[in-house]
Amino acid sequence: DAGVIQSPRHEVTEMGQEVTLRCKPISGHNSLFWYRQTMMRGLELLIYFNNNVPIDDSGMPEDRFSAKMPNASFSTLKIQPSEPRDSAVYFCASRRKRRSGSDEQFFGPGTRLTVL
Amino acid sequence: GDSVTQMEGPVTLSEEAFLTINCTYTATGYPSLFWYVQYPGEGLQLLLKATKADDKGSNKGFEATYRKETTSFHLEKGSVQVSDSAVYFCALSDGNKLVFGAGTILRVKS
């Protein structure tokens, strides 16, 4: 199993540019999560999907952020326009949601975003 | 809302020392509890978990017991190694999403 795949691993861009982060969840998983990690705020949940449907986007910081999941094997997180305070590591995680039992999430390696 | 509080770090230990990282939680229901570990430059990996009161999760010499009466899930290891140096996150799940603590940096010196 390849695990959760994220691309790019590193992204450096200038303020005002559009940034798109990509995630491929583990095959067979039906929930997908986007997190942001910074020194100041720790690990924050931005949004999560069940069966490709956004369930909770209350963590999305503002309208500049948007996320999509067009199918079960692909999701994007877009920032437009980007700002220096968006600099962080962005993680994607996936899970096979069951009716009962534990609900372990599997994390990707993250995308380190730097906005100059 | 649900929350997780874990001891602040960094925690610095010598190799073979005993490790405890405290974690307490606040939840309205009966959450599952997790410890995740993050090595430098990597994503989080599940270390261990417990799904109900008095369950003990264990993995790679690490243990944690789900204590409902004290709402705690402290992480312990009897003898740490340099390779255990990482950031450790306590988390709870309400069945939908994970709520993480702030993370505790562990540094083990040889």
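All chains are named by letter (A, B, ...) in the order of the sequence lines, taking the proteins before the strands, and each is independently numbered beginning at 1. What you are looking at is a predicted structure, and each value in this text was computed from that prediction instead of being measured.
Only the side chain of A:Arg9 comes within contact range of chain B, judged by heavy atoms closer than 4.5 Å. Proximity to chain B is absent for every atom of A:Arg112, based on heavy atoms less than 4.5 angstrom apart. For A:Gln37, the part lying near chain B is the side chain, with the backbone staying farther off; criterion is any non-hydrogen pair under 4.5 Å. Only the side chain of B:Gln38 comes within less than 4.5 Å of a heavy atom of chain A; its backbone N, CA, C and O stay farther away.
A distance of 10.5 Å separates CH2 of A:Trp34 from CD1 of A:Ile47, quoted to the nearest 0.5 Å. Here the straight-line distance linking atom CZ of B:Phe34 with atom CD of A:Gln105 works out to 8.0 Å at 0.5 Å rounding.
Electrostatic pairing of B:Lys56 and B:Glu76 does not count as a salt bridge here, judged by no charged N lying under 4.0 Å from a carboxylate O. No salt bridge links B:Lys60 with B:Asp84; every basic N to acidic carboxylate O contact stays at or beyond 4.0 Å.
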